[in-house]
Every structure is written in C-alpha cells, then in structure tokens.
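Model, not experiment: these values are computed from the prediction. Residue numbers begin at 1 in each chain, while the letters A, B, ... track the order of the sequences.
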Amino acid sequence: MTKATSSPKTGTWDLKLYIAGYTPRAVKALENLKQLCEEHLHGVYSIEVVDLLRNPRLARGDQIVAVPTLVRKLPVPVRKIIGDLSNRERVLVGLDLRPR
Amino acid sequence: MTRRAKPERGASEGRPDKAGALKPLAKCPTGIRGLDDVTEGGLPRGRASLVSGGAGCGKTLMAMEFVVRGARDFGEPGVFMAFEETVAELTSNVASLGFDLQSLIRRKKLAVDYVRIERSEIEETGEYDLEGLFVRLGSMIDEVHAKRVVLDTIESLFASLPNEGILRAELRRLFRWLKDRGVTAVITAEQGQEGQLTRYGLEEYVSDCVIVLDHRVNNEVATRRLRVVKYRGSRHGTNEYPTMIDEHGLSVLPITSLGLCHRVSDRRISTGIPRLDTMMTGKGYWQGSSILVSGTAGTGKTSVATALVDSVCRRGDRCLYFSFEESPDQLVRNMGSIGFHLDPYVRAGRLQFHSVRPTLYGLESHLVTLHDLVARLHPDVVVMDPITGLTSIGEPGEVKAMLMRVVDFLKSRTITTLFTSLTEGGTPIDATETSVSSLMDTWLLLQMVESAGERNRILYVLKSRGMAHSNQMREFTLTDNGIKLADVYTGSGEVRTGSARAIQESRDKADADAADQASRRRQREITHERLALEAQMQKLQSRLAELKQETTMAAKQELNRSAAARHDTKGLARLRKADSDGAQEEGNGT
C-alpha cells in the first residue's frame, strides 16, 4: 500500500519535533533527526521544534502524549514517530522513506 | 520500633496535618445522590479514586457528574480528560442530564480534552515518556484552577502505545504527580477478565478508593449496582447498592444511610374507617409508621388503602398512590362504587397516582421514581398497592431490601406508608410473600370466610406497634358509603359472618330463652324436692322420739319383770326345800 515511497526530491517536508524542555533525550532526538534529514531529505525539509513547556496548548492540536514526538505534517498523510529516533531504520519506515 | 510504628499506623487511617495531630480523612463530596452517603462524605480529597466496571455501566457518566457537580455545585472547577469520546460527543451525551458543558467551559469552570492516539499512525523508535500528557493535563489544571480531575479511560493508552514498560512507569508517575498537585482524581477503567478490577491492573497504582459499577440482567430486568470495594482510611458501606441513571444523572440508593434513627411522630392519623380507629385505641395509625394490609384476592385490600387515602385527602393532606395493578381511572371508578370519591382530590393535586406495571423497569428504578415523586410532591401518605407485584422483577431478598429502603426513606420523612400484599391461596395467611412483615409497624389481615354458601370478609389487627390494639376479629363489609366493620359472632367456639351470623344470632336468642325457662323449671323442682325432704325429715324425727320413749318403757318393764321372776324362784325353792345352788342354776337357766 505504502510501497510507493515518497520521492525525497519532490515537495517539501514539513517536520515538527515536539519536546518538553531540552532534556538529554530531546537533544538526542533532534540530533538524530537532523542527521537523518541531511542524509535523506537534503534541501527539501524544514524542522520546527515545539517545546511544550513553553506552549503547552500546542500539544492538543497534534494529539501529543509522548515526547519526543516527531510529526510529519507534509507530505500527507500525517505520520507520528515517538521516541528519541535512535533506531534509524524504524524512523525511515515511519517517515515512509523506506517500505514497510 | 513498634512504638514508633504506632503514629504511622494512625497516619494511614487519618491523614495527619502538619502539626502531626490526627484529623479525619478529608472528603470531596461528589454530589451524586446516595454516593456521598455510602462513602460517608465523598471521595478521598486530594487522592485518586478508581471507578471500574464493564461496558455501559455508567463510568463516564459518574466521572462526568463528579466534575460537573463539583464545578457547578461545590465551586471546584474540574478537568475532564477523555480518551474514548470526543468533546463534542461528551457534550451531547450529557446534555440530556441537564449538564451544559459548553457553558461551563466558557466560564472557565471546566476544561475538557480529548486524547486520541492511533496505533497505526505511530512508529516507536527509542526512548520516550508521556510528558506530553502531563503538560496537557497540567495546562488545563492551571487554566481553570482545577480541584478535580477525571481520566476517562486512561487504560486505552495500553492499546495505543506499544511499550507497556514505559507506560506503566509513566502511569505510576502520573498518579503520584496528581497527588502532588492536590487534585481529587477519578480514574475510570474497564473491568478485566475473571473478576479482575481492571484490564491492565490499574488498581496497583490507584488504590485509595475503588468503586465498582455493575450492570447485570436478572429475569430480563436490568439492574445497575455500585459497590465501594475499598476506601483507605475511611469507613464506607460495603454492600452492593442499586444504582440508576435517570434524567438527573446517577443515583445510588443506600439501604439505610440513616441507621434507624428517624424521629417519630406523636400524631395519629385516622384509618378512614371509624370502627378500625376504635380497634386501634380510637385514634388510628401512628403518623409516619409503616402499615401492611395483607389478604387473599378480593378481600378488600385496596379498599382499606383507599379509606386511608380518602381520610388523608379530606383533611387536606397529600397522598401518593403507587398502583401496580390498576390504572388511576379504574381505581377512581371502582372506589367510587364504595363511596370513596377520589376525583376531586386528584384534580386538586392532593392525590397523585403513579400507575405502572412493576415489570416496566427494575426495582431500583421504582425506588428512584419514588424518591423523585416524594421530593416533588411532599406527600403525607404513600400507598404501594400491591407490593406483591414487585416479586416478579426481583429475588425476594432484593425486594425486601428495596422495601426496607422505601420504609426507611419514608420514615425518615415521617411519611405514613401503606403497603398491600396479596397472599396466594393455599399459603399460610400470615405469610407475606416477601416476608416484609417484620418491617411493618402495623399489620392488618384481611381474610375470606366461606360458610353457608357465602364468602365474607374478616379483618383483624395482627400487630400494631406502640398501641394497645383490639385483638378481635371484625366482619368487614363494603357498602355504598364506605367500609363498615361489624362484630363477628364468636359463640360456641366458631366464627360466623354474614347471614350465618344473623341466623345464628336469632337462633341463639331462642336457645337462650329456652334455656332460661328450663333453668326456672329446674329451680322449682329443686324447691319441691327440698320441701318434700324436709317434711320427710320431720316425720322421721318424730318417729325417732317415739322409738326412744318406747325403749325406756320397755327397759323398766323388763326390770320389774325380772325382779318378780326372782321372787317367784325363791318362793318355789322354799316350797320345794331345795338347796340354794341348785335353785340358782335353775334360776339362770330360765
């Protein structure tokens, strides 16, 4: 079904990383994300980091329960990946960059 | 060690304040009818309570009522975090109970959030925690300054988050965090398999107070129940209490939160039957007492009940009549035929009928209806006619428990209660179907007596607490002008009623006359005989006197004679010149 992996070169990738304060885990997640994006989505991605401690109300919109949560807003459909993104293979699968 | 442990044990029972002095556990009233009675004040304040139950038990409703009533009636704003229903769904679901969530949300008395996690949307990579949930909850608590928090049903996280280890650790942290925030929380959970309280063992984390809701079907009638399984540091009712959901929300019906301490009245109220009043020391029932009228079919139970209704309404008091067998119209018409005209009272609003088939709904619904009607109508008298019908919708024990609740509830309000009970033919007449007689203060028994081709009614007071009631049977007749009681014929060891009584009474009079004559005749005879005997005695006495005289005379003669004889012997001897010995012998021989 989701075999057709979204072409990294087309469209923009709108990514949001929800964290609750810059905890070691959050920092690690952000590092992992940046590294991965540079490798696979060079030039077509944007990352927005949302600190829920500052903007707690934003958690409702994207139904954030766990942190860190990476939300792929674009391309649709929305995907959510929770955790510190240390398992790269799983992140790629979660972002539809690799077939399930 | 042991000495030191003591205050700690005390501490678990009543939370010590900062000075270390014991004070009873603070409670947070739920405002849910009956629940605060069962828990003796409400849920433990500042702690989390677990509400568990199967699907459709009313967990969400109870939780929602807890926050809404808190926000509305107790000035304690609340937060409702839903995991299964959206805010819009919740709003419309509870609108029917008169809860206006949108208005409460606008006025910042309530914050509702819907948490949804789609498992299929989520990929898990590495370590995480549930700080997002904490943040959301925390921001809502801050927003409305919440004192109450509901998590409904947080267990659904187990289905959406793959890592149970993390989830459990986070839940433990969450409940501790709630406690630290000082909010009173209600956590709902689905009942698990094989009698487990919750599906995922939440009771491990939330164990200060555990309430179990239950919804089961017995004899095709659904009954809801509530039980407080556990309440740390507080007494609580441990029974299963019938529960019900109606247009006012949830109601729990404690058997007796009163503990038999209702005030009693010194007033008496007329039974509506003058002779029956006479039988009860001339004044009738005690006000606020419970009265049972039992009897077989057609003995006039409803008529006795109506007599009371009539007398109550005539005095201008109010009456509530539960009719489980007849419609109000039919009852009014039928009672009109024996001289009780109830129509005007109904129109004046002094008499209200509530006619439903007992099987229409479960026992607890009847109870709630009663509570509601009593609260609305403030009746002086409540009639339930007949309670026998209720046994078809519950086990005898349940019916008895329900009636006990009714009696207690009404007594606590000094409302006089009259129950009628149908005794089946063939059962002992003093056996009430639901064996409720012990709950009753006054018990009137109606009985049919069959004799001489008639069936006649008999009434007697089997018991009446607190009065020297008559122990006699009365014949009970329904006339065009109400109920008449007549003395029954009780001569020659049997009871006669109706025409047999009339016949027997005239027969008795004839018998009595005859007996009277007989006795007079007997007296005459005795006098006769006495006189005769006296005459005879006189005769005998005079004869006795004669005989005595004769005896003395005879003795004298004999003396003379023997003297003469001796003289003769001596003369002869002298003549014959015999010696004195031979003469002596001869003399003796003669």
Side-chain angles (χ1 to χ4, degrees), chain A residues 1-2 16-33 35-36 50-73 76-98 100, chain B residues 79-88 105 108 111-144 146 151 153-171 173-174 177:
Chain A
M1 202 170 71
T2 47
K16 265 188 190 176
L17 183 67
Y18 286 90
I19 58 171
Y22 283 86
T23 59
R25 195 179 289 152
V27 172
K28 190 172 162 199
L30 189 57
E31 275 171 11
N32 285 336
L33 180 62
Q35 208 175 0
L36 184 136
V50 181
D51 185 357
L52 293 178
L53 293 187
R54 290 189 174 185
N55 296 300
R57 310 204 59 153
L58 294 178
R60 293 175 79 161
D62 273 324
Q63 285 291 357
I64 304 305
V65 171
V67 287
T69 296
L70 172 65
V71 180
R72 185 187 80 175
K73 303 288 276 186
V76 285
V78 173
R79 295 277 173 216
K80 285 182 190 161
I81 300 163
I82 59 176
D84 57 15
L85 312 178
S86 53
N87 185 334
R88 178 173 288 227
E89 284 306 302
R90 296 286 292 275
V91 179
L92 291 175
V93 169
L95 288 173
D96 288 345
L97 287 169
R98 191 154 295 175
R100 280 167 196 254
Chain B
V79 166
F80 194 101
M81 193 171 245
F83 292 83
E84 289 177 337
E85 290 168 279
T86 64
V87 179
I105 292 170
K108 296 249 177 246
V112 185
D113 189 9
Y114 169 53
V115 177
R116 184 184 60 94
I117 306 175
E118 205 64 57
R119 177 103 186 225
S120 59
E121 283 181 3
I122 286 209
E123 196 68 39
E124 200 187 35
T125 71
E127 297 275 297
Y128 60 92
D129 58 36
L130 297 187
E131 194 59 34
L133 193 71
F134 284 72
V135 166
R136 287 167 79 166
L137 205 48
S139 79
M140 286 199 293
I141 292 174
D142 293 339
E143 190 186 333
V144 297
L151 301 175
T153 305
I154 198 163
E155 269 187 321
S156 57
L157 288 182
F158 281 95
S160 16
L161 291 175
N163 193 329
E164 196 176 317
I166 289 180
L167 184 51
R168 287 194 177 276
E170 286 298 282
L171 285 182
R173 188 162 73 93
L174 176 67
W177 178 79

Pick from B:V135, B:L157, B:L161 with the largest number of heavy-atom pairs that fall under 4.5 Å of chain A
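Maximum pair count with chain A is reached by B:V135.
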Can you tell me how far apart [atom1] ([X]) and [atom2] ([Y]) are? Round to the nearest 0.5 Å.
X	Y	atom1	atom2	value
B:N163	A:I82	CG	CD1	8.5 Å
B:M140	A:R57	CE	CZ	10.0 Å
B:E118	A:K80	CD	NZ	9.0 Å
A:T69	B:E124	OG1	CD	10.5 Å
B:R116	A:Q63	CZ	CD	6.0 Å
A:L70	B:T125	CG	OG1	8.0 Å

Considering all heavy atoms of both residues, which atom of B:G126 and which atom of A:D84 are nearest to each other, and what is their separation?
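Distance-wise, the nearest heavy atoms are CA-OD1, 3.3 Å.
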List the atom of A:V93, the atom of B:E123, and the distance in Å for their closest heavy-atom pair.
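That closest heavy-atom pairing would be CG1-OE1, 4.5 Å.
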Quick one: does any side-chain atom of B:R136 pair with a main-chain N or O of A:I64 as donor and acceptor, under 3.5 Å?
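Between the backbone of A:I64 and the side chain of B:R136 there is a qualifying donor-acceptor contact (under 3.5 Å).
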Look at the side chain of B:E131 and the backbone N and O of A:V67, then say whether any donor-acceptor pair between them is shorter than 3.5 Å.
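Judged by distance alone, no pair lies under 3.5 Å.
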Which region of B:Y114, side chain (C-beta onward) or backbone (N, CA, C, O), has a non-hydrogen atom less than 4.5 Å from a non-hydrogen atom of chain A, or is it both or neither?
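Looking at B:Y114, backbone and side chain both touch chain A.
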Under 4.5 Å from a heavy atom of chain A, the part of B:I117 involved:
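For B:I117, side-chain heavy atoms alone lie under 4.5 Å from chain A.
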Examine whether an atom of A:R25 lies under 4.5 Å from a heavy atom of chain B, and if so say whether it belongs to the side chain, the backbone or both; otherwise answer neither.
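For A:R25, the contact with chain B is made by the side chain alone.
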Option in A:T23, A:L52, A:V91, A:L85 with maximal non-hydrogen atom pairs under 4.5 Å from chain B
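Answer, by heavy-atom pair count under 4.5 Å with chain B: A:L85.
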Among A:N87, A:V65, A:I81, A:I19, single out the residue with the greatest number of heavy-atom pairs under 4.5 Å to chain B.
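The answer is A:V65.
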Just wondering, more than 12 heavy atoms not from A:R54 lying within 6.0 Å of its CZ?
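At most 12 heavy atoms, drawn from other residues, nucleotides or ligands, come within 6.0 Å of this atom.
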